[in-house]
Amino acid sequence: MHHLAKAAAGASLIGAAAGAVVGGAVSAAKQAQDVKEGKITKEEAAKRTAKDAAGAGAATAVGVAAVSLLRLGGVFGILTVFAVAAGTKYLLDTEGKKVCKKVKAAAGKAAGKVSEAAASVSEKLKDEEPLKSE
């Protein structure tokens, strides 16, 4: 089984690179059009293109890994790569945003609690007498 996992990992890496190149090229074309129309800045276009390329690469890697591990080939294997990659990209684009918002909100709450605790400790230390050395 070890050799199968190594082969799947290698194929996934190649798939990730290919997916990133294709996804990045498609995104760059769209972003270039949006820049030309004045909808976004060049900096925003670059960020979106990089994000899209990374997402497409990751999604393709998952699709290739699934096909490799299931030992699918031919047309069925190709269709499976596309289906799994499309599903993965959809999840990254939709659920990924929700997860990021939840993490950001939780981090904000945690930072608030830490600030409150630090203020409380600081207030209590003001009332304490300084330690005396002997």
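Residues: numbered from 1 along the sequence shown.
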message: To the nearest 0.5 Å, what is the distance between CD1 on I78 and CG on L72?
response: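 It comes to 11.5 Å.
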task: Could you grab the distance from atom OG1 of T49 to atom NZ of K42, nearest 0.5 Å is fine?
output: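 T49 OG1 to K42 NZ: 13.0 Å, rounded to 0.5 Å.
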Heavy-atom pair with the smallest gap, counting every atom of [X] and [Y]:
{"X": "S12", "Y": "A61", "answer": "OG-O, 3.3 Å"}
{"X": "G23", "Y": "A56", "answer": "CA-CB, 3.7 Å"}
{"X": "A59", "Y": "T88", "answer": "CA-CG2, 3.8 Å"}
{"X": "L92", "Y": "A58", "answer": "CD1-CB, 4.4 Å"}

- request: Verify the cluster assignment for F76 and V81: are they in a single hydrophobic cluster under the rule of side-chain heavy atoms below 4.5 Å apart?
  value: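 Yes, F76 and V81 fall within the same hydrophobic cluster.
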query: Is any side-chain heavy atom of D34 less than 4.5 Å from a side-chain heavy atom of K30?
result: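 When only atoms from C-beta onward are counted, K30 and D34 do touch, with a gap below 4.5 Å.
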- prompt: Under the side-chain hydrogen bond (donor to acceptor under 3.5 Å, both in side chains) test, which residues partner K39, sequence neighbours left out?
  reply: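 Residues passing side-chain hydrogen bond (donor to acceptor under 3.5 Å, both in side chains) with K39: E37.
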Pair R48 + D52: basic N to acidic O under 4.0 Å: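 Between D52 and R48 there is no salt bridge, as every charged N stays at least 4.0 Å from the carboxylate O atoms.
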